[in-house]
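Per chain, numbering begins at 1; letters A, B, ... match sequence-line order.
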Protein chains: 2
Amino acid sequence: MEELVGNPLFKGIHPKKIEEIFSKVFYQEKVYEIEEIIAHSDDDCENLLIVMEGIVRGEMIDFSGKTIKIEDIPAPNPVATAFLFGQRRKLPVNIVANTKVRMMRIPRDSVIKMFQMNSYFLENYLNMISSRAQFLSMKIKFLSFKTIKGKIAQLLLDSLGSGGDTIILNRSQQSLADLFGVARPSLARAMGEMVRDKLIRVERKEVKVLNRKGLNQLMQA
Amino acid sequence: MEELVGNPLFKGIHPKKIEEIFSKVFYQEKVYEIEEIIAHSDDDCENLLIVMEGIVRGEMIDFSGKTIKIEDIPAPNPVATAFLFGQRRKLPVNIVANTKVRMMRIPRDSVIKMFQMNSYFLENYLNMISSRAQFLSMKIKFLSFKTIKGKIAQLLLDSLGSGGDTIILNRSQQSLADLFGVARPSLARAMGEMVRDKLIRVERKEVKVLNRKGLNQLMQA
DNA sequence: TGCATATTGTAACATATGTTACATTTTATC
DNA sequence: GATAAAATGTAACATATGTTACAATATGCA
């Protein structure tokens with residue numbers, strides 16, 4: 001069980017205690033070879049999966065059969081903790097072995113027992129899904145700005161904080177456009193108009209905010 | 001405690017049992033008048049708040065100080081369950097009383113004790129934040145499709161799965177439009193065009209997929 | 001320095017979506 | 001069933017963004 005030390009789900013729990021917990025609940029371990037599919041998208045999510053060794057990836061399959069990588073999950077981390085409970089207890093992605101991996105599989109019932117045996121484990125689990133919900137919430141705030149100028153304003157005011165009025169953009173226009181999910185010339189045009197309207201001044205990678213109130217208004221729409 | 005029957009956090013728990021739980025942990029109740037601010041955005045989230053009576057709203061404050069209503073939360077429901085744990089334990093919104101309200105306030109420690117006293121309560125809580133994470137996850141998926149038709153295609157093919165070819169939409173056009181982050185008439189138009197192009201056939205809440213390949217193509221763009 | 005390459009600015013035009021307004025249909029309530 | 005309320009269909013028009021193409025800079029490298 002030493003592999004579980006360092007796993008965020010077992011943070012703050014003494015290794016001896018971890019041993020003790022696992023002596024009292026049912027679980028399985030299984031080894032997968034490279035590129036083997038560990039779990040399919042839409043499979044019922046009845047078990048907590050933990051990467052003990054190696055790296056797995058989550059990938060989406062679109063309907064034409066193409067796959068899109070979503071994220072890599074290395075040991076020692078759990079997989080899809082937000083789908084073991086809740087209304088839709090199904091995996092949203094395929095889980096595939098990037099390397100040879102060893103996975104631990106703990107049934108939901110065992111997990112609940114573990115929650116009641118050890119409040120650290122419970123808090124760690126709660127922290128994990130809560131953090132995820134918080135992160136997604138932030139991301140949505142960003143994505144749901146409709147206009148390009150709104151996204152720019154959000155980015156600028158966010159990275160500005162309270163002090164100062166200049167930001168160094170360390171990304172190319174193209175990468176910014178990708179981040180926003182817009183076309184590069186459209187981004188250039190939007191920034192050009194903001195300069196024209198004296199909201200900002202741009203010099204190479206340096207952006208100076210001239211009119212905070214104006215930027216705020218762009219975020220409303 | 002009868003007000004808690006019907007509260008999703010206490011689903012499946014016998015009223016007597018609820019009494020018993022609350023006899024063993026610390027909590028407070030407080031009454032707020034109309035338009036009184038119950039909690040401020042960025043306040044540390046140290047307590048589980050439950051609306052016992054009345055309706056509260058969450059509202060965001062933008063940089064210029066204007067407020068934007070986010071959602072109404074009527075009794076008997078908890079508030080901001082996803083912010084009691086996790087990395088950023090701060091309220092993202094102001095909580096304001098829409099009507100005269102009575103709120104229950106349970107410290108995080110008490111909540112954890114309650115988790116360990118009653119596994120229904122624990123599962124209900126887990127279900128609630130998990131469902132929220134799942135909902136946000138789904139929303140992001142839709143937001144990142146550029147075109148409305150793409151979003152529709154994604155929704156249809158997703159809820160279709162492998163078998164059958166008809167879906168019952170249990171949401172109003174408006175709520176779908178909100179989910180997609182588009183305007184309602186735009187959604188109606190897009191669906192109309194898809195019907196015209198013989199990709200789908202719509203009859204009230206029932207949608208029949210006529211051309212899967214065509215829907216796939218809409219998702220590529 | 002000179003050259004090649006990448007990045008950025010700009011323009012004209014096409015298109016998707018938003019906005020507003022109203023008619024029509026469905027649903028709920030008495 | 002009658003009525004009001006909600007949801008939906010549709011149209012005309014405004015606007016933001018995408019697309020394509022090319023010129024103007026900036027950047028890296030020999």
Side-chain angles (χ1 to χ4, degrees), chain A residues 140 142-156 166-208 210 214-221, chain B residues 68 71-72 74 139 141-156 166-208 214-221:
Chain A
I140 282 182
F142 191 71
L143 279 178
S144 46
F145 279 101
K146 289 238 178 67
T147 68
I148 297 182
K149 290 181 192 175
K151 293 174 204 236
I152 298 172
Q154 156 74 14
L155 181 76
L156 292 180
T166 51
I167 299 108
I168 309 292
L169 286 181
N170 280 323
R171 348 172 49 117
S172 74
Q173 226 179 55
Q174 183 62 60
S175 84
L176 245 193
D178 289 343
L179 177 67
F180 288 167
V182 302
R184 206 266 313 155
S186 304
L187 177 64
R189 173 174 47 199
M191 288 190 69
E193 286 172 11
M194 288 167 80
V195 170
R196 184 200 62 195
D197 297 343
K198 301 219 191 327
L199 294 170
I200 58 177
R201 190 161 59 206
V202 179
E203 203 155 327
R204 309 223 200 157
K205 301 265 171 226
E206 192 181 296
V207 181
K208 180 166 189 173
L210 302 177
L215 291 182
N216 274 327
Q217 285 171 351
L218 291 178
M219 290 172 59
Q220 320 288 22
Chain B
I68 306 164
E71 58 176 342
D72 284 325
K139 177 138 186 166
K141 204 160 77 178
F142 286 126
L143 282 177
S144 47
F145 277 99
K146 288 237 183 67
T147 67
I148 297 181
K149 290 181 190 176
K151 295 172 205 237
I152 297 172
Q154 157 73 16
L155 179 76
L156 291 179
T166 50
I167 298 106
I168 309 292
L169 287 180
N170 281 324
R171 329 168 129 270
S172 75
Q173 228 180 54
Q174 184 61 62
S175 83
L176 247 192
D178 290 343
L179 177 66
F180 289 168
V182 302
R184 207 264 315 156
S186 304
L187 176 63
R189 173 174 48 201
M191 288 190 69
E193 285 172 12
M194 289 168 78
V195 170
R196 184 199 62 195
D197 297 343
K198 300 219 190 329
L199 295 171
I200 57 177
R201 191 162 57 206
V202 179
E203 202 155 328
R204 311 224 197 153
K205 301 263 170 229
E206 192 181 297
V207 181
K208 181 166 189 175
L215 290 182
N216 274 327
Q217 285 170 350
L218 290 179
M219 290 174 56
Q220 319 289 19

Please list, for nucleotides 14-17 of chain D, all pairs of protein and nucleotide N/O atoms separated by less than 3.5 Å.
| unit_1 | atom_1 | unit_2 | atom_2 | d |
| --- | --- | --- | --- | --- |
| D:dT17 | OP1 | A:Ile148 | N | 2.6 |

Within this structure, what is the CZ-to-C1' distance between B:Arg196 and D:dG9, rounded to whole angstrom?
15 Å
Check: A:Thr166 main-chain N/O paired with A:Lys208 side-chain donor or acceptor under 3.5 Å:
no
Mind checking the CG-NZ spacing from A:Leu156 to A:Lys151? Nearest 0.5 Å is all I need.
14.0 Å
Side-chain N or O of B:Gln174 closer than 4.0 Å to phosphate OP1/OP2 of D:dT8
no
Could you go through the side chain to side chain contact (heavy atoms under 4.5 Å, CB included) check for A:Leu210 and A:Leu199 one step at a time?
CA-CA 5 Å; A:Leu210 302 177; A:Leu199 294 170; over 6 Å; no
Classify the side chain of A:Arg184 and the base of C:dG9 as holding, or not holding, a donor-acceptor pair under 3.5 Å.
yes
Rounded to whole Å, how long is the line connecting atom CG of B:Leu187 with atom P of D:dT10?
13 Å
When rounded to the nearest 0.5 angstrom, what distance separates CD in B:Gln173 from CG in B:Asp178?
11.5 Å
Taking atom P of C:dT8 as reference, at what distance in whole Å does atom CG of A:Leu169 sit?
10 Å
Do the side-chain N or O atoms of A:Gln173 get closer than 4.0 angstrom to the phosphate oxygens (OP1, OP2) of C:dA6?
no
side-chain contact (heavy atoms from CB on, under 4.5 Å) partners for A:Leu169, two or more places apart:
A:Leu155, A:Ile167, A:Leu176, A:Val207
Can you measure B:Arg171 atom CZ to D:dT8 atom P for me and round it to whole angstrom units?
12 Å
Nearest whole Å is fine: how far is D:dG9 P from B:Met194 CE?
14 Å
Could you give the distance from CD1 (A:Ile152) to CG (A:Leu218), rounded to the nearest 0.5 Å?
8.5 Å
Out of C:dT8, D:dT8, D:dT19, which has the shortest distance to the side chain of A:Pro185?
D:dT19
